[in-house]
Amino acid sequence: YDFGLPAWAPAPLEPEGNPTTPAKVELGRRLFYDARLSRGGSMSCAICHRPELAFTDGRATSPGVTGQQTHRNSMSLANAGYQPVLTWANPLMHSLEQQALVPLVGQEPVELGLAGMDGEVRERLQSERIYRRQFREAFPEVHGEISLATITRALSAFQRTIISVRSPYDRYRYEGDVNAVSDAVIR
């Protein structure tokens with residue numbers, strides 16, 4: 001997969017079992033913005049990870065689908081694919097695939113509220129022709145199976161593409177662009 005990175009930037013960390021592909025990224029992007037991935041269909045991942053707010057929601061804590069407040073803020077997803085640890089609360093969480101389960105099915109606090117709803121979520125997504133096609137293209141090795149496992153793999157592939165490496169500082173520091181930042185910044 002071409003992440004479109006400058007020469008100085010390494011590719012994000014990818015688990016061996018989920019290489020990033022264009023088909024997975026596009027499916028993951030669609031799922032990220034789809035409220036059907038929540039109990040009652042009222043929230044999507046993008047509610048708490050808004051692109052215009054660096055993929056956060058700008059709040060101190062966030063309400064889940066039941067209205068229950070989370071204990072912490074929604075962390076930015078920018079450069080999450082580079083992080084060796086992915087949550088404030090669990091230093092043992094090392095993959096985006098594993099972390100995606102927390103908002104999807106976690107119960108303390110409830111975020112998207114899908115615990116115990118695997119069959120219903122599968123039905124919701126299978127009812128859409130575009131999803132049937134996209135899952136087949138993204139996961140031919142499992143014949144396009146729509147499952148919690150393939151959903152989290154697609155979401156993770158998309159999240160690996162949320163990369164911020166072209167800030168003025170990056171251009172100055174890594175690309176040698178002396179005009180990228182002001183004299184005050186250099187001082």
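Everything numeric here is computed off the predicted structure, so don't read it as measured data.
Using a 4.5 Å cut-off on side-chain heavy atoms (C-beta onward), Val185 and Ser182 make contact. You'll find the side chain of Pro109 stays beyond 4.5 Å of the side chain of Gln69, heavy atoms only. With a 4.5 Å cut-off on side-chain heavy atoms, Ile151 and Leu125 count as touching. Side-chain contact between Arg30 and Ile130: present, with at least one pair of heavy atoms (C-beta onward) separated by less than 4.5 Å. Between Glu97 and Pro15, the closest side-chain pair of non-hydrogen atoms falls below 4.5 Å. Looking at Tyr172 and Val181, their side chains come closer than 4.5 Å, going by heavy atoms from C-beta outward. You'll find the side chain of Pro63 stays beyond 4.5 Å of the side chain of Gln68, heavy atoms only. Met93 places a side-chain heavy atom less than 4.5 Å from the side chain of Val102.
Using modelled atom types, one finds a donor on one side chain and an acceptor on the other under 3.5 Å when comparing Asp34 with Tyr131. Side-chain polar atoms of Thr61 and Thr70 form no donor-acceptor pair below 3.5 angstrom.
Here the CD1-OH distance, from Ile47 to Tyr33, works out to 10.5 Å after rounding to the nearest 0.5 Å. Taken from SG in Cys45 to CG in Leu37, the straight-line distance is 6.0 Å, to the nearest 0.5 Å. To the nearest 0.5 Å, atoms CG (Leu112) and OG (Ser44) are separated by 8.0 Å. Interatomic distance, CZ of Arg122 versus OG of Ser147, reported as 7.5 Å (0.5 Å rounding). The structure places CD of Glu145 at 5.5 Å from OG1 of Thr150, a figure rounded to the nearest 0.5 Å. Atoms CG and NZ, from Leu31 and Lys24 in turn, are 13.5 Å apart once rounded to the nearest 0.5 Å.
Proximity of a side-chain donor or acceptor of Asp177 to a complementary backbone N or O of Asn179 within less than 3.5 Å is detected. Put simply, the side chain of Asn79 gets close to the backbone of Ser164: a donor and an acceptor are under 3.5 Å apart. Between the Glu14 side chain and the Thr20 main chain, a donor and an acceptor come within less than 3.5 Å of each other. Of the possible donor and acceptor atoms, none in the side chain of Arg136 sits under 3.5 Å from a partner among the backbone N and O of Gly144. At distances below 3.5 Å, not a single donor-acceptor pair connects side-chain atoms of His94 with backbone N or O atoms of Gln99.
Side-chain heavy atoms closer than 4.5 Å link hydrophobic residues (I, L, V, M, F, W, Y) into clusters, and following such links, possibly through other members, connects Leu77 to Leu101. Linking ILVMFWY side-chain heavy atoms closer than 4.5 Å, directly or via other members, places Phe158 and Met43 in a single hydrophobic cluster. Hydrophobic clustering keeps Phe55 apart from Leu96 (ILVMFWY residues linked when any side-chain heavy atoms are closer than 4.5 Å, directly or through intermediates). When the side chains of ILVMFWY residues are joined at heavy-atom separations under 4.5 Å, either directly or via intervening members, Tyr174 and Tyr82 end up in a single hydrophobic cluster. In this structure, Val110 is a member of the same hydrophobic cluster as Leu148, with clusters built from ILVMFWY side-chain heavy atoms closer than 4.5 Å.
When all heavy atoms of Leu155 and Gly28 are compared, the pair lying nearest together is CD2-O, 3.7 Å. Closest non-hydrogen pair, Leu5 versus Pro12, comes out as CD1-CD, 4.3 Å. For the pair Ser156 and Thr152, the tightest heavy-atom approach, listed with the atom from each and the gap, is OG-O, 2.7 Å. Nearest heavy atoms, Val165 versus Pro6: CG2-CD, 3.6 Å. Considering every non-hydrogen atom in both Ser95 and Gln98, the closest pair reads OG-N, 3.0 Å. Minimum heavy-atom separation, Ser38 to Ala35: OG-O, 2.8 Å.
The neighbour count for Arg132 CZ, taken as heavy atoms of other residues, nucleotides or ligands under 6.0 Å away, is above 12. Counted within 6.0 Å of CD on Gln107, heavy atoms from surrounding residues, nucleotides or ligands total 12 or fewer; the atom is thus considered open.
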Check: Stepwise, does the side chain to side chain contact (heavy atoms under 4.5 Å, CB included) test hold for Arg171 with Ser167?
Finding: CA-CA 6 Å; Arg171 292 193 322 271; Ser167 70; 5.9 Å; no
Margin query: Would Asp57 and Ser62 count as a side chain to side chain donor-acceptor pair (under 3.5 Å) here? Give the steps.
Written below: CA-CA 8 Å; Asp57 65 2; Ser62 305; 2.5 Å; yes
Check: Are Glu108 and His71 close enough, and set up right, to give a side chain to side chain contact (heavy atoms under 4.5 Å, CB included), and what steps lead you there?
Finding: CA-CA 9 Å; Glu108 188 50 47; His71 303 297; 3.5 Å; yes
Next item on the list: Show your working on side chain to side chain contact (heavy atoms under 4.5 Å, CB included) between Leu27 and Phe139 and close with a plain yes or no.
Entry: CA-CA 10 Å; Leu27 172 58; Phe139 301 104; 3.8 Å; yes
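Salt bridge Arg36/Glu128: present, at least one basic N to carboxylate O contact under 4.0 Å. We find that Glu141 and Arg153 are joined by a salt bridge, their nearest charged nitrogen and carboxylate oxygen being less than 4.0 Å apart. With respect to the salt-bridge test (charged N to carboxylate O, under 4.0 angstrom), the residues Arg124 and Glu120 qualify.
The aromatic rings of Phe3 and Tyr1 stand perpendicular to each other, their planes meeting at an angle above 60°, with 30° marking the opposite boundary.
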